[in-house]
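First comes the structure, then the notes that go with it.
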Number of protein chains: 2
Amino acid sequence: MEAKLLLQDHIAKTASITDEQFDYVYSHFKPLFFKKGQTIIISGDKVDCEYFVVSGCLKAFFINDEIKMYILQFAMPTWWTSDYSALYNQTKATINIDCITDAEVLCLSNDDREKLCKEFHQVEHFFRWRTNKGYIASQKRLLSFMNNNVKIRYEELLALYPQLYNLVPKHLIAAYLGVSRETLSRLYASH
Amino acid sequence: MEAKLLLQDHIAKTASITDEQFDYVYSHFKPLFFKKGQTIIISGDKVDCEYFVVSGCLKAFFINDEIKMYILQFAMPTWWTSDYSALYNQTKATINIDCITDAEVLCLSNDDREKLCKEFHQVEHFFRWRTNKGYIASQKRLLSFMNNNVKIRYEELLALYPQLYNLVPKHLIAAYLGVSRETLSRLYASH
DNA sequence: ATCAGAATGTGATGTAGGTCACGTAACCAA
DNA sequence: TTGGTTACGTGACCTACATCACATTCTGAT
């Protein structure tokens with residue numbers, strides 16, 4: 001689907017704004033096209049924008065000791081991603097975001113988001129709900145981390161995102177689950 | 001501090017509303033007083049409200065297999081708590097909330113929150129930011145879970161909430177860290 | 001004051017998952 | 001086509017933490 005329509009549909013699910021209002025809102029988004037492997041945010045960067053994924057798949061990840069990688073989020077179409085901690089607190093990025101596949105995203109600056117939220121009550125409403133869903137999902141994942149072993153977490157992940165299995169290399173799935181690639185590999189083996 | 005003032009100050013940090021507006025907003029909150037050990041939400045309940053802590057300390061926790069407890073949140077004064085997943089999705093509670101100490105809370109129903117958000121743009125603004133901060137904190141805790149061992153997580157927790165050490169029993173701290181009480185005890189020993 | 005139930009400490013032992021090492025297969029790019 | 005990088009599997013071994021068992025406070029209700 002075209003970027004503009006995808007975003008409009010996405011917003012329409014939680015907020016009612018007119019076509020004219022949406023045109024204005026949309027004018028603040030900048031379409032960007034990335035190739036597989038390209039970097040969007042690197043740790044240490046200044047972070048100005050958040051990103052709405054139109055197509056492709058991104059990963060938001062943290063690198064520890066220059067060695068281990070932990071994936072915070074796979075960002076698929078209609079998902080939003082950024083280093084929100086850096087974005088809202090105006091600090092340097094501590095995580096990285098790059099492209100697992102070729103990707104099209106819509107970029108919205110922090111200033112523009114706040115401006116739009118101020119101008120349109122419905123836009124503020126939309127962003128409240130979006131964040132809310134993210135918060136609930138994050139709590140759920142945290143609980144799963146504490147409560148479930150790797151095998152169950154792996155099955156949960158595949159149930160939630162069946163596409164991932166064929167889309168992203170297994171060692172990235174391991175990095176999302178917070179487990180070594182060897183352990184994940186042995187999990188398959190035992191079926 | 002008095003409940004009303006505490007809430008007003010808390011909201012004023014992110015949203016500007018007049019005294020008259022706040023009086024109206026506040027009229028939707030119901031003050032509740034609980035004794036140590038009392039239960040606020042039990043798994044399986046219908047969840048209608050969220051709670052703003054005025055004094056005391058609550059815990060939001062999950063029980064697995066009727067045996068193991070995992071603490072999602074210690075709720076201290078000016079914190080909000082509820083089973084947000086159940087509250088927003090209108091499903092039954094999957095977590096419990098009870099009182100670690102005597103506590104005073106202000107109760108706000110889901111319907112009233114949505115009503116107030118609709119009536120006052122600034123209230124919607126406030127709740128967007130509150131949720132945002134929660135989301136960022138949750139992501140940070142998730143990362144810490146993946147990245148750090150128990151000792152570091154324990155030190156992080158005490159750095160963040162020094163009061164906890166004397167306020168809550170150690171086995172609850174263990175349940176927050178997602179570790180057995182024995183392991184936590186041995187951590188102290190090694191100093 | 002007393003007694004039951006929490007909370008805490010500590011040893012012995014088990015285990016999930018990490019780390020290291022090595023091999024093979026797939027995928028580009030020149 | 002070839003050579004290099006990335007992905008993936010698998011064995012041997014290690015370690016952080018869980019579990020179980022029991023002893024020792026501490027605390028709160030009668």
(request) Please report, rounded to the nearest Å, how far the P atom of dA18(D) is from the CE atom of M146(A). (result) 13 Å

(message) What verdict does the side chain to side chain donor-acceptor pair (under 3.5 Å) test give for Q139(A) and S85(B), after you've listed the backbone C-alpha separation in whole Å, the side-chain angles of each residue and the deciding distance to 0.1 Å?
(response) CA-CA 9 Å; Q139(A) 289 284 97; S85(B) 175; over 6 Å; no

(request) Could you pick out which residue, P169(B) or S180(A), lies toward the 5' side of DNA chain C when each is mapped onto its nearest nucleotide? (result) P169(B)

(request) Take the protein atom CD1 of I173(B) and the nucleotide atom P of dG9(C), then report the distance between them rounded to whole Å. (result) 11 Å

(request) Would you mind reading off the distance between K151(B) atom NZ and dT15(D) atom P, rounded to a whole angstrom? (result) 17 Å

(request) Please report, rounded to the nearest Å, how far the C1' atom of dT8(C) is from the OH atom of Y165(B). (result) 11 Å

(message) Salt bridge check, D102(B) against K36(B): does any charged N sit closer than 4.0 Å to a carboxylate O?
(response) no

(message) Nearest whole Å is fine: how far is dT25(D) C1' from K170(B) NZ?
(response) 14 Å

(message) As a test of reading the structure: which of dA18(D), dT19(C), dT10(C) is closest to the side chain of K68(A), going by heavy atoms?
(response) dT19(C)

(request) Considering just the side-chain nitrogens and oxygens of H171(B), establish if one lies under 4.0 Å of OP1 or OP2 belonging to dA6(C). (result) no

Filtered N/O pairs between nucleotides 20-26 of chain C and protein, under 3.5 Å:
residue	atom	partner	partner atom	Å
dC20(C)	N4	E182(A)	OE2	3.2

(message) Counting C-beta onward and ignoring hydrogens, is there a side-chain heavy-atom pair between I41(A) and N96(A) closer than 4.5 Å?
(response) no

(request) Assess K170(B) against Y165(B): is NZ or CZ under 6.0 Å from the centre of the six-membered ring, and within 45 degrees of the ring's axis? (result) yes

(message) Could you check whether E156(B) pairs with K140(B) (Lys NZ or Arg NE/NH1/NH2 to Asp/Glu carboxylate O, under 4.0 Å)?
(response) no

(request) Report the distance from atom CZ of R153(B) to atom P of dA16(D), rounded to the nearest whole Å. (result) 14 Å

(request) Report the residue (V150(B) or K36(B)) whose heavy-atom-nearest nucleotide on DNA chain D is the more 5′ of the two. (result) V150(B)

(message) Between P on dG18(C) and CD1 on I67(A), what's the gap in Å once rounded to a whole number?
(response) 15 Å

(request) Indicate yes or no: does K4(B) engage D23(B) in a salt bridge with an N to O separation below 4.0 Å. (result) yes

(request) Please determine if a side-chain N or O atom of T183(A) lies less than 4.0 Å away from the OP1 or OP2 oxygen of dG17(C). (result) no

(request) Test H125(B) against every option in H121(A), E114(A), K118(A), E124(A) by the side-chain hydrogen bond (donor to acceptor under 3.5 Å, both in side chains) rule and name the one that passes. (result) E124(A)

(request) Please work out if G37(B) contacts a base, only the sugar-phosphate, or nothing of the nucleic acid, heavy-atom cut-off 4.0 Å. (result) nothing

(request) Check the distance between dA16(C)'s P and N148(A)'s CG and give it to me in whole angstrom. (result) 15 Å

